[in-house]
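Since the model is a prediction, treat every value here as computed from it, not as a measurement.
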Amino acid sequence: MASNSLSLNILQTFTGSIFSKIIACETAKEAWETLKQEYQGRERGKQNQILNLKRDFESLRMQDDETIAKYSDQISLIVNKIRLVGEDFKDDRIVKKILVTIPERFESKISSLEESKDLSTISVAELISVLQAQEQRRAFRQDKVTEGHVTLVCKFKDAHAQALIAEEGIEDALL
């Protein structure tokens, strides 16, 4: 009688979805085996999901035309999914991944970081911030160089045009 009462109390703790899986079981052992099989299957599925996410993480590479912000968003998305399913994923692993997979244009910044900081202690946010700052400085410089190049070309064309105008004696015709 006590075991029936205990069995009834145990059955009342299950949610409807779990209870529906074991309601047809005739013994506690059979119910246990059913539950064990169900949850071990879920665990295998979870492990496969983690494996696939880790594979995605390992295969990520930053493209030459990609920004640090976009690349870090891709990494964060995968890492957050891995952490969401309960897997521990350390920040130093993410830092190493970023350092190894960013394009060569960041090589000088990585070298200066290696000389000035212990890269095993740098946070992901700090690394992203430093790389974004360099990316912005580089973009600003390239805009200035491109702008300067266009100005020089225009000045050259103007000087060339002025020389031709003076040479041809058509100044009066243009005015």
Report task. Taking all non-hydrogen atoms of both residues into account, name the closest pair between E87 and I50 and its distance. Result -> OE1-CD1, 3.5 Å
Query - Exercise: identify the closest heavy-atom pair between V85 and K46 - result: O-CE, 2.7 Å
Does [X] reach the side chain of [Y], with side-chain heavy atoms less than 4.5 Å apart?
X	Y	answer
P103	E66	no
V79	L53	no
K81	Q49	no
I78	Q74	no
M62	I68	yes
L60	Y71	yes

**Report entry** Co-membership, hydrophobic cluster, residues I94 and L119, 4.5 Å side-chain
**Finding:** yes
Query raised in the report: Under the 3.5 angstrom rule, does the side chain of R105 hit a backbone N or O of D64 as a donor-acceptor pair?
Result: yes
Requested in this report: Just do the salt bridge (charged side-chain N to carboxylate O under 4.0 Å, His left out) check on K90 and D88 with the steps written out, would you?
Outcome: CA-CA 6 Å; K90 303 276 186 209; D88 187 32; 3.2 Å; yes
Query raised in the report: Strictly by modelled atom types, are N80 and R83 linked by a side-chain donor-acceptor pair under 3.5 Å?
Result: no
Report task. Step by step, work out the side-chain contact (heavy atoms from CB on, under 4.5 Å) result for V95 and L99. Result -> CA-CA 6 Å; V95 167; L99 291 172; 3.8 Å; yes
Query raised in the report: How far apart are the C-alpha atoms of E135 and K109, what are their side-chain angles, what is the distance that settles it, and do they pass the salt bridge (charged side-chain N to carboxylate O under 4.0 Å, His left out) test?
Result: CA-CA 10 Å; E135 187 174 61; K109 181 49 80 178; over 6 Å; no
Report task. Show the numbers, then the answer: is there a side-chain contact (heavy atoms from CB on, under 4.5 Å) between S120 and D92? Result -> CA-CA 6 Å; S120 66; D92 65 329; 5.7 Å; no
Which pairs would a plain distance check flag for residues 123-131, meaning a side-chain donor or acceptor within less than 3.5 Å of a matching protein atom at least two apart in sequence or in another chain?
{"unit_1": "S123", "atom_1": "OG", "unit_2": "E126", "atom_2": "N", "d": "3.0"}
{"unit_1": "E126", "atom_1": "OE2", "unit_2": "K117", "atom_2": "NZ", "d": "2.6"}

Could you give the distance from [atom1] ([X]) to [atom2] ([Y]), rounded to the nearest 0.5 Å?
X	Y	atom1	atom2	result
R93	I98	CZ	CD1	13.0 Å
I110	E104	CD1	CD	10.0 Å
N52	F57	CG	CZ	15.0 Å
L51	I82	CG	CD1	10.0 Å
E33	C25	CD	SG	10.0 Å
E26	K29	CD	NZ	15.0 Å

Query raised in the report: Any chance NZ of K97 has more than 12 other-residue heavy atoms, nucleotides or ligands included, within less than 6.0 Å?
Result: yes
